[in-house]
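Report on one structure; see the data block that follows.
Note that the numbering runs from 1 along the sequence shown for the chain.
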Amino acid sequence: MNIMHPTLRRLDLNLLPVFDAIYRHRSVRKAADELAMSTSALSHALSRLRVTLNDPLFYREGHRMCPSVYATELAPSVASALKFLDEQLTPPPEFDPLSSTECLKIAITDFTAFCIFPALMHRLQCQAPGLRFELRYLPHSPALNELLAGEMDLALGFSAPEDIRHPELEEISWLEDDYVVISNARRAGLTLEEYLAARHLVVTPWNEERGVLDVQLEQMGCTRQIAIKTPSMLSAPFIVAESDLLMALPRFAAQKLIPALAIRLFELPFHIPSFEVKIYSHQRSGKRGATDWLKTVLHTLATEQALKR
């Protein structure tokens, strides 16, 4: 059988701080004071360490404890290992939003960032002014692999009613929404026949071949004419306002855009299930304090948003 760490298994690791303290102070008394031990207990610990390592380690020269050649070689590695372990094993301080300058990496799409970050940043101006964010485009929803690997702290994604909840992801429902259609301001109405006869702009955040609307239309035995596919929602409404193209998008975004653009909003002329915008995190997040606090804020904001709708 391959026994792991054979040297460590026979060494009492509590003896390493004794070695380190004697090496630094060159004194049994000062080392004992630092470690809150009696001099006799520290001397006994040194004796055990000498036996284990088969080396005298220190010899007395007047009032000083002088290291042996082996102890001199060993000391930097012991000091480095103790420092590393102390840093790694020290519990992280409790998250303080007012003083924190942590940076959270969050996976987004244009729409999920548009939904959440205006309200979030308004709230955090006072509650967490130093908290920082690095937003990255969501490669797919719900970015499970990235959350598992610690590459992302949170992900803002979509969820349909039939989606299966992953056991290792925690989630907050931000809002439930449905799709509507926008067109230029000249259009007077929108029937299913007119919808199918028109040309369409489709936002595909993950460069997907077909969206949920196309799947639903196929089940109805219909297809639509797609003139433009784009991964970004930023330019899409401006293109629609200046053309005869139609664009289906979440109602939340459409209502925000109407005051800024010469567009009209129509109900989607066929049924499709609503969807949810959700905030996902992994149960073993490496920034637990910050993400837990932020999720509490997001949950409060989600409740406030629901009451406004």
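Considering NZ of Lys295 and CZ of Arg288, their distance stands at 5.0 Å, rounded to 0.5 Å. The CZ atom of Arg264 lies 12.5 Å from the CG atom of Leu246; values are rounded to the nearest 0.5 Å. The distance from the CG atom of Asp153 to the CD atom of Glu102 is 8.5 Å, given to the nearest 0.5 Å. Residue Leu74 holds its CG atom at 9.0 Å from CG of Asp55, rounded to the nearest 0.5 Å. Separating the CD1 atom in Ile226 from the CG atom in Asp214 is a distance of 4.5 Å, to the nearest 0.5 Å. The distance from atom CD1 of Ile279 to atom CG of Leu154, rounded to the nearest 0.5 Å, is 8.0 Å.
For the residue pair Ser43 and Ser40, no side-chain donor N or O sits within less than 3.5 Å of a side-chain acceptor on the partner. The closest side-chain donor-acceptor pair between Asp110 and Ser232 falls under 3.5 angstrom. Side chain to side chain, Glu34 and His25 meet the donor-acceptor criterion of an N or O pair below 3.5 Å.
Using a 4.5 Å cut-off between side-chain heavy atoms of Ile, Leu, Val, Met, Phe, Trp and Tyr, with links allowed through other members, Leu85 and Val18 fall into different hydrophobic clusters. Under a hydrophobic-cluster definition in which Ile, Leu, Val, Met, Phe, Trp and Tyr are linked whenever side-chain heavy atoms come within less than 4.5 Å, directly or via other members, Leu13 and Leu49 are assigned to the same cluster. Under the 4.5 Å side-chain contact rule for hydrophobic residues, Phe114 and Val202 do not share a cluster. By the criterion of side-chain heavy atoms lying less than 4.5 angstrom apart, applied directly or through intervening Ile, Leu, Val, Met, Phe, Trp or Tyr residues, Val181 is grouped together with Phe238 in one hydrophobic cluster. Following chains of ILVMFWY side-chain contacts shorter than 4.5 Å, one cannot reach Met65 starting from Tyr59, and the two form parts of different hydrophobic clusters.
Here the closest non-hydrogen pair linking Gln127 and Val297 is OE1-CG2, 3.8 Å. Between Thr39 and Val28 the shortest heavy-atom distance is O-CG1, 4.1 Å. Closest approach of Ile108 and Leu156 over heavy atoms only: CG2-CD1, 3.8 Å. Of all the heavy atoms in Ser27 and Lys30, the pair that sits closest is OG-N, 3.1 Å. Of all non-hydrogen atoms in Pro237 and Ile263, the two that sit nearest each other are O-CG2, 4.3 Å. The nearest pair of heavy atoms linking Ser183 to Phe266 is OG-CE1, 3.3 Å.
Atom CD of Glu94 sits in a sparse spot, with 12 or fewer heavy atoms from other residues, nucleotides or ligands closer than 6.0 Å. With a 6.0 Å radius and a threshold of 12 heavy atoms from other residues, nucleotides or ligands, Glu209 has its CD atom at or below the threshold. Residue Gln225 qualifies as enclosed at atom CD: its count of foreign heavy atoms under 6.0 Å is above 12. Counting heavy-atom neighbours within 6.0 Å of Arg24 CZ, excluding the residue itself, gives a total above 12. Around atom NZ of Lys229, more than 12 heavy atoms belonging to other residues, nucleotides or ligands sit under 6.0 Å away.
Put simply, the side chain of Asn184 never gets that close to the backbone of Glu242: no donor and acceptor are under 3.5 Å apart. No donor-acceptor distance shorter than 3.5 angstrom exists from the side chain of His122 to the backbone of Phe117, with no hydrogens or angles considered. Listed for the Ser243 side chain is a donor-acceptor partner under 3.5 Å among the backbone atoms of Ile239. In terms of modelled atom types and a separation under 3.5 Å, the side chain of Ser100 and the main chain of Asp96 share no donor-acceptor contact. Between the side chain of Ser80 and the backbone N or O of Ser77 there is no donor-acceptor pair closer than 3.5 Å. Of the possible donor and acceptor atoms, none in the side chain of Glu267 sits under 3.5 Å from a partner among the backbone N and O of Val180. Although no hydrogens or angles enter the test, the distance criterion places a donor-acceptor pair under 3.5 Å between the side chain of Glu194 and the main chain of Thr191. Between the side chain of Arg48 and the backbone N or O of Leu15, no donor-acceptor pair lies under 3.5 Å. A donor-acceptor pair under 3.5 Å is formed between the side chain of Asp177 and the backbone N or O of Phe252.
You'll find the side chain of Leu131 reaches within 4.5 Å of the side chain of Phe133, heavy atoms only. In this structure, Val78 and Tyr23 have side chains that are not in contact, with every pair of non-hydrogen atoms separated by 4.5 Å or more. Side-chain atoms of Leu124 and Pro129, non-hydrogen and from C-beta on, never get closer than 4.5 Å to each other. Within the 4.5 Å cutoff, the side chain of Phe270 has heavy atoms near those of the Met220 side chain. Taking the side chain as every heavy atom from C-beta outward, Val215 and Leu217 never approach each other to under 4.5 Å. When side chains are defined from C-beta on, Arg29 does not count as touching His63, because their heavy atoms never get closer than 4.5 Å. Taking the side chain as every heavy atom from C-beta outward, Phe111 and Pro205 never approach each other to under 4.5 Å. Between Met152 and Ile106, the closest side-chain pair of non-hydrogen atoms is not below 4.5 Å.
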- Message: Quick one, Leu268 with Tyr195, criterion side-chain contact (heavy atoms from CB on, under 4.5 Å). Give me CA distance, side-chain angles, the key distance, then yes/no.
- Response: CA-CA 9 Å; Leu268 194 67; Tyr195 181 87; 4.2 Å; yes
- Audit row: Arg136, Glu151, salt bridge (Lys or Arg N to Asp or Glu O under 4.0 Å) steps and yes/no: CA-CA 10 Å; Arg136 299 183 181 179; Glu151 297 171 5; 6.0 Å; no
- Dump the intermediate steps for side-chain contact (heavy atoms from CB on, under 4.5 Å) on Ile272 and Val212, then the final yes or no. CA-CA 8 Å; Ile272 190 165; Val212 291; 4.0 Å; yes
- Query: Thr230 and Thr204: side-chain contact (heavy atoms from CB on, under 4.5 Å), yes or no, with the steps?
  - Reply: CA-CA 6 Å; Thr230 174; Thr204 54; over 6 Å; no
- Stepwise side-chain contact (heavy atoms from CB on, under 4.5 Å) check, Ile182 with Leu261: CA-CA 11 Å; Ile182 59 171; Leu261 290 169; over 6 Å; no
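Tyr179 and Phe275 have tilted rings, their planes meeting at an angle from 30° to 60° on a 0 to 90° scale. A tilted orientation is assigned to the rings of Trp293 and Phe95, their planes being inclined by 30° to 60°. Using cut-offs of 30° and 60° for the angle between ring planes, the Phe58 and Phe19 rings count as tilted.
For the pair Arg123 and Glu304, the salt-bridge criterion is met [side-chain N within less than 4.0 Å of a carboxylate O]. With salt bridges taken as basic N to acidic carboxylate O contacts below 4.0 Å, none links Asp244 and Arg187.
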